Participant: 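Here it is: the structure, laid out below.
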Amino acid sequence: MIYKRSSELFTAAQRVIPGGVNSPVRAFKAVGGDPIFVKEAKGAYLYDEDGNRLIDYINSWGPMILGHAHPPVVNAVIDKAKKGTSFGMPTEIETQIAELAVSMVPNIDKIRFVNSGTEACMSAVRLARGFTKKDKIIKFAGCYHGHSDSFLIQAGSGAVTFGSPNSPGVTEGTAKDTLLARYNDLEHVKSIIKSNKGEIACIIIEPVAGNMGCIPPVKGFLEGLRSLCDAHSILLIFDEVMTGFRLAKGGVQELLGVDADIVTFGKVIGGGLPVGAFAAREEIMNYLAPLGPVYQAGTLSGNPLAMAAGLAMLKELNNNVTIFDSINKKTEYLHQGITKVLEDKKVVHTINRIGSMISVHFSENPVVDFESAAEANNETFKKFFHGMLDHGIYIAPSAFETWFITEALSYDDLDETIKAISITAESL
Ligand code: KE4
């Protein structure tokens, strides 16, 4: 593959944008080489600035569950834009998408829209602290809840990709209120709660982790967290920015049958436009301004274009729930294909998968938490990434990410992907 034009554009971008990107994980720093500049995308395919067609397994890090430029979403945005792009006033469409989201997701009565997953998680923690009148939070090493100060302690995704899971700029004062636990380790959570009796406002977790690769919760883990939260008056926050409206219509709460107190959303809920949201039962949400004392605001929150994209997306999913089964079957097919070719080539690996989230780890051990994810062979991953790219397959440029499957993928696309893996595996 030739990427001459992308490299030229990257050189120009670096002069005026730090690192040439507006989000670090796009920079290919972890895998080497210059990032690909995309010109346009349709369905399962990206078309880059050099005219290459790539099969996309990032899908904007999750939102494009129905494929790029999905007509109902695009048309909704076009129609809405003709009537104005932002008002800073309430609009009917905000109520429409709120009603639909509340009808799709268990345990939520009210929802507040913001502009990113970071904003949703940051606001959810502030709300939990305000509601419980306690300061400390528990997060899990390797989980990523966006770049708000409280979360950049052993964070996953781009933070760990660049070896800065604890970012400079986060004060000791902030860091001291963030307690760090091991994912899938209930005993560790119990010991932290014991050492901080009466001080913990919430536990925030990716109920299926996606920012250290895909790591599902072991049986009983989420249920154990629910019991601990009930016993100690701690709010359980499910960060479903990645899993929401992807792993099931009602997200992980529906899929695994464990109730959260607050749920955060992003990605799919915006249909590719900047939307985040957080939701809970009425008793909690009514603590938010202008009703209650917990302040949270945003000039572009509930932006009509973003709401139009999100509403069109949620309607598609709500009206065709067979999509979830179809996309899960495609992911299972891909899993089986990858396993076969990597075993044939005797490549040491382990694959984690749940629903339409899947990740390949070049490790002989099970990957169940951040520590075991970090043990995987990153050099092998780099070769794997570039080998796939050379064959027109675009996966996340980091070993600490999940592959995002889109319904737009055909089985021919999956076969092409598996074939590319088979060829790439020869040089691993
Ligand atoms: P944003 O602020 O990036 O919209 O959402 C933050 C966030 C919160 N919670 C979870 C579970 C998330 O996965 C994310 C963001 N995901 C990463 C990809 N793993 C965003 C990619 C990027 O930083 O560019």
Side-chain angles (χ1 to χ4, degrees), residues 17-30 35 38 56-65 113-125 137 139-162 164-165 167 183 204-217 237-247 251-252 260 262-279 298 300-301 303 306 309-310 354-359 370 373 394-404:
I17 301 171
V21 292
N22 284 306
S23 197
V25 76
R26 303 174 190 169
F28 278 27
K29 272 269 181 289
V38 62
D56 188 9
Y57 283 95
I58 298 186
N59 286 293
S60 180
W61 304 93
M64 302 304 154
I65 192 169
F113 288 97
V114 292
N115 303 282
S116 70
T118 295
E119 219 184 326
C121 294
M122 175 182 78
S123 308
V125 163
I137 72 171
K139 80 172 284 287
F140 293 84
C143 281
Y144 180 71
H145 306 293
H147 63 92
S148 172
D149 282 6
S150 298
F151 302 140
L152 290 181
I153 317 288
Q154 279 287 310
S157 182
V160 71
T161 299
F162 302 109
S164 57
S167 170
Y183 201 83
I204 184 166
I205 187 167
E206 292 178 56
V208 168
N211 287 292
M212 34 184 164
C214 169
I215 298 185
I237 301 177
F238 274 7
D239 174 354
E240 295 222 47
V241 166
M242 195 182 281
T243 58
F245 308 107
R246 170 172 282 279
L247 292 188
V252 174
I262 302 176
V263 195
T264 64
F265 301 104
K267 299 180 192 284
V268 172
I269 197 172
L273 267 68
V275 179
F278 58 109
L300 295 175
S301 294
N303 171 271
I354 180 167
S356 61
M357 291 169 64
I358 182 171
S359 57
F370 173 58
Y394 191 63
I395 66 172
S398 159
F400 297 99
E401 295 291 353
T402 297
W403 299 28
F404 294 97

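Every number for a ligand or one of its atoms is a count from 1 in the order of the listing. From a predicted model like this one, the values you see are computed outputs, not experimental measurements.
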Participant: Could you check whether the rings of Phe265 and Phe245 sit parallel, tilted or perpendicular, using 30° and 60° as the cut-offs?
Facilitator: tilted

Participant: Please check if the side chain of Glu240 supplies one atom and the backbone of Pro207 the other of a donor-acceptor pair under 3.5 Å.
Facilitator: no

Participant: Which of the numbered atoms in ligand 1 are below 4.0 angstrom from a heavy atom of Met242?
Facilitator: 13 (O), 19 (N)

Participant: What's the spacing between Trp403 CH2 and Ile358 CD1 if we round to 0.5 Å?
Facilitator: 7.0 Å

Participant: According to the interplanar angle, ranging from 0 to 90°, do the rings of Phe370 and Phe400 count as parallel (below 30°), tilted (30 to 60°) or perpendicular (above 60°)?
Facilitator: tilted

Participant: Indicate, as side chain, backbone, both or neither, the part of Glu401 found under 4.0 angstrom from ligand 1 when only non-hydrogen atoms are considered.
Facilitator: side chain

Participant: Among Thr402, Val21, Thr118, which residue places a heavy atom closest to atom 2 (O) of ligand 1?
Facilitator: Thr118

Participant: Only heavy atoms count here, so choose which of Thr243, Asp239, Ile204, Ile58 is nearest to atom 9 (N) of ligand 1.
Facilitator: Asp239

Participant: Ignoring hydrogens, just give me the one of Gly117, Cys121, Ala120 whose non-hydrogen atom is nearest atom 1 (P) of ligand 1.
Facilitator: Gly117

Participant: Counting from 1, what ligand 1 atoms have a heavy atom of Ser116 closer than 4.0 Å?
Facilitator: 2 (O), 4 (O)

Participant: Check whether Lys29 reaches the backbone of Pro24 with its side chain - one donor and one acceptor, N or O, closer than 3.5 Å.
Facilitator: no

Participant: Please state which part of Glu119 comes within less than 4.0 Å of ligand 1, counting heavy atoms only: side chain, backbone, both or neither.
Facilitator: neither

Participant: What atoms of ligand 1 come within less than 4.0 Å of a heavy atom belonging to Ser23?
Facilitator: 22 (C), 23 (O), 24 (O)

Participant: Among Ile65, Val241, Thr243, whose side-chain contact (heavy atoms from CB on, under 4.5 Å) with Lys267 holds?
Facilitator: Val241

Participant: Heavy-atom contacts with Gly146 under 4.0 Å: which atoms of ligand 1 show up? List them by number with element.
Facilitator: 6 (C), 7 (C), 8 (C)

Participant: Taking the side chain as everything from C-beta on, heavy atoms only, tell me whether Asn211 gets closer than 4.5 Å to Met242.
Facilitator: yes

Participant: Heavy atoms only: which of His147, Lys267, His145, Arg26 is nearest to atom 8 (C) of ligand 1?
Facilitator: His145

Participant: To the nearest 0.5 angstrom, please state how far the CD atom of Glu206 sits from the CD1 atom of Ile237.
Facilitator: 13.0 Å

Participant: Could you check atom 14 (C) of ligand 1 against the protein and tell me its nearest heavy-atom contact, residue, atom and distance included?
Facilitator: Tyr144 CD2, 3.7 Å

Participant: What atoms in ligand 1 come closer than 4.0 Å to a heavy atom of Val241?
Facilitator: 7 (C), 8 (C), 9 (N), 10 (C), 12 (C), 14 (C)

Participant: Using a 4.0 Å heavy-atom threshold (strictly under), name the region of Asn211 that reaches ligand 1: side chain, backbone, both or neither.
Facilitator: side chain

Participant: Would you indicate whether the side-chain heavy atoms of Ile204 and Cys121 approach each other to under 4.5 Å?
Facilitator: yes

Participant: Using a plain distance cutoff, I'd like to know if Glu206 has any nitrogen or oxygen under 3.5 Å from a nitrogen or oxygen of ligand 1.
Facilitator: no

